[in-house]
Amino acid sequence: IEKMNKVVQSEAETTVDLKRFGQAARVASKILANAPTDQKNESLRAMAKTLRARSDTILRENAIDLEFGARDGLQGPLLDRLELTPDRVNAMAEGLTQVAGLPDPVGEVSGFRRQPSGIEVGRMRVPLGVIGIIYESRPNVTADAAALCVKSGNASILRGGSEALRSNLAIGACIRDALAETGLPSECVQVVDTADRAAVGALLQLTEDIDVIVPRGGRGLIERVISESRIPVIRHLDGNCHVFVDKAADIDKAVAVAYNAKCRRYGICGAMETLLVSEKIAVPVLEQLGPMYEAAGVEIRGCARTRKLISRAVSATEEDWYSEYLAPILAVRIVTSLDEAIAHIDEYGSGHTDSIITEDLSASRQFLREVDSSSVMVNASTQFADGFEYGLGAEIGISTDKLHVRGPVGLEGLTTQKFIVIGDGSVRS
C-alpha cells in the first residue's frame, strides 16, 4: 500500500488533509445513512472475505509494526495488544460476519402513542452521522469500528496509533475495497494515513464534519481528547475492575473466576486490577489463589491481612487501589463485609466493570443495585466485559460515561433517536 511509509507532515498540511477526510466522510455518510440493510450486510461479508484473503499481507505489515515497536521500547502487554496472528485476523473477520447477522437498528420505530389532539408520536432510530475514532495499539479496532459504523449507517474516520500504522492501513485497504465492490463509497471508512501527532489535534477541531469522537487507549490519550475536543466525546478513562469474593461464595467458583479475571489477558480494560475478599472466606480462597498467581508471575500488592496469608505479597499503597495496571500486578484487600466492599469500589473504582462471587441471592441483588458501574456481574469474570461476548458482534469502545451510552458501545449506541409525528391534516388549537 503506497501510503504506508508516508513521512510526517507539517501541522498545516495535516490540518488540510484531515479537513478533506471530514468533508468526504460527510458526503459518504448521507449515502450510507440511507443504504438498505442488505447492502450494508453484503459489504460487511465482503470485508470479512477480503481480510481472510489478504491475511498474509496484513500479518507481514504487522510484523514490521512489531519490529519498530520493540525498537521503540514497547514490551509485554503493549506488544500483545499490537500483535496480530492468523487467529486474530480470523477473529476480526468473524466479528464482521457476526455484525452482518445482527438486526439493523436504523429506521427502527418505537413508542408510538396517540395523543388527545389526534396526532401519533413515536421515535425513529437514526445514525449519528460521522464518527471519529482515535485509538492506540490494537489493529483489530480498525475492523471492529468499521463494522459497527457501517452497519449503524455512520461514516467513520479512524486514527490509530503510529505504532500500528502499517497494520491499520492494510486492514483499511481491505475495508475500502470491499465497500467499493458492493456499491458503497469507499469514503464511508477512512484510515488516517500519517503518523503525525498533529493529526489528533486536527481531527478534534472538525466540528462541522464530525458528530462524535470515540477515544480508545491509555489515560494520556483519553485526557488529551477530553481536554482538546470541540466535538462530543464517548469516553472511558480507566478500567479499574474489581472482583469481590463474598462470604457466601462457592470457593471453586471464586478461585476460577478470580484467576481468569486477572490472568486470561493482562492488557485489556476488563482485566481485574483489585481483588476484594471477605474475611470469612479469605483463608481458603487466598491459600489457593496465592500459589496460582505466583506460578503465573503475578505480583501481589496487599493489605496487612493479605500479606499474612500470601507471604510474598508486598505492601499496597493508597495509589494501588486506584491503579489500572494492565500488567501482571494485582491489588488484594480483605474486607469485613459486603458493604465495605461496595464502599471500596465506590471510592476507588472507575465505573467500568465489577463482579461479585456469591451464592447469596440477597447479596448479589444488593451488589447489582448499589455498584454504579457500566457493567456489574454476578459469578462471572470481568473479562466478559466485551461487545462480542455481550452479543453486540463487536464494540467500538466501552463507555463509563452516562450520556448518551454506557458500557460496551455496539450498534444501538452509535445511533440516536428523532421524534416522528403522524397526523391527518392536524392543526393545533
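Counting begins at 1 with the first residue of the sequence.
- For the atom pair Ile300 CD1 and Ser315 OG, the distance stands at 13.5 Å (nearest 0.5 Å).
- Under the 3.5 Å distance criterion, with hydrogens and angles disregarded, no donor-acceptor pair is assigned to the side chains of Asp238 and Ser350.
- At most 12 heavy atoms of other shown residues, nucleotides or ligands fall within 6.0 angstrom of atom CD in Gln75.
- Relative ring orientation between Tyr322 and Tyr348 is described as perpendicular, the plane-to-plane angle rising above 60° on a 0-90° scale split at 30° and 60°.
- Side chains of Asp87 and Thr85: no donor on one and acceptor on the other come within 3.5 Å.
- Few gaps surround CZ on Arg265; more than 12 heavy atoms of other groups in view lie less than 6.0 Å from it.
- Shown here is Arg219, whose CZ atom has more than 12 heavy atoms of other residues, nucleotides or ligands within 6.0 Å.
- In this structure, His242 and His344 have perpendicular ring planes: the angle between them is above 60°, well past the 30° mark.
- Remark: Glu294 engages Arg312 in a salt bridge (Lys or Arg N to Asp or Glu O under 4.0 Å) (not counting sequence neighbours).
- There is a side-chain donor-acceptor pair under 3.5 Å between Gln366 and Asp339.
- Taking each heavy atom of Ile175 and Ala143 in turn, the nearest pair found is CD1-CA, 4.1 Å.
- Here the shortest heavy-atom pairing between Ser278 and Phe244 reads N-CE1, 3.8 Å.
- If you check the side chains of Asp320 and Ser323, you find no donor sitting under 3.5 Å from an acceptor.
- Of all the heavy atoms in Ala363 and Thr358, the pair that sits closest is CB-OG1, 4.1 Å.
- Remark: Asp193 CG to Leu169 CG distance equals 6.0 Å, nearest 0.5 Å.
- Within 6.0 Å of CD on Glu319 lie no more than 12 heavy atoms contributed by other residues, nucleotides or ligands.
- More than 12 heavy-atom neighbours from other residues, nucleotides or ligands sit within 6.0 angstrom of CD on Gln23.
- In this structure, CE on Met92 lies 8.5 Å from CG on Asp144, to the nearest 0.5 angstrom.
- The number of heavy-atom neighbours closer than 6.0 Å to CD of Glu108, taken from other residues, nucleotides and ligands shown, is above 12.
- The two residues Ala249 and Ile357 come nearest to each other via the heavy atoms CB-O, 3.2 Å.
- Summarising the geometry of Leu204 relative to Ile134, their closest heavy-atom pair is CD2-CD1, 3.8 Å, with the distance given to 0.1 Å.
- Interatomic distance, OG1 of Thr274 versus CG of Leu330, reported as 7.0 Å (0.5 Å rounding).
- Residues meeting the salt bridge (Lys or Arg N to Asp or Glu O under 4.0 Å) test with Asp209, sequence neighbours left out: Lys19.
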Test side-chain hydrogen bond (donor to acceptor under 3.5 Å, both in side chains) applied to Ser152 and Asn154, step by step: CA-CA 6 Å; Ser152 59; Asn154 296 288; 2.8 Å; yes
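- Closest non-hydrogen pair, Cys174 versus Arg54, comes out as SG-CD, 3.6 Å.
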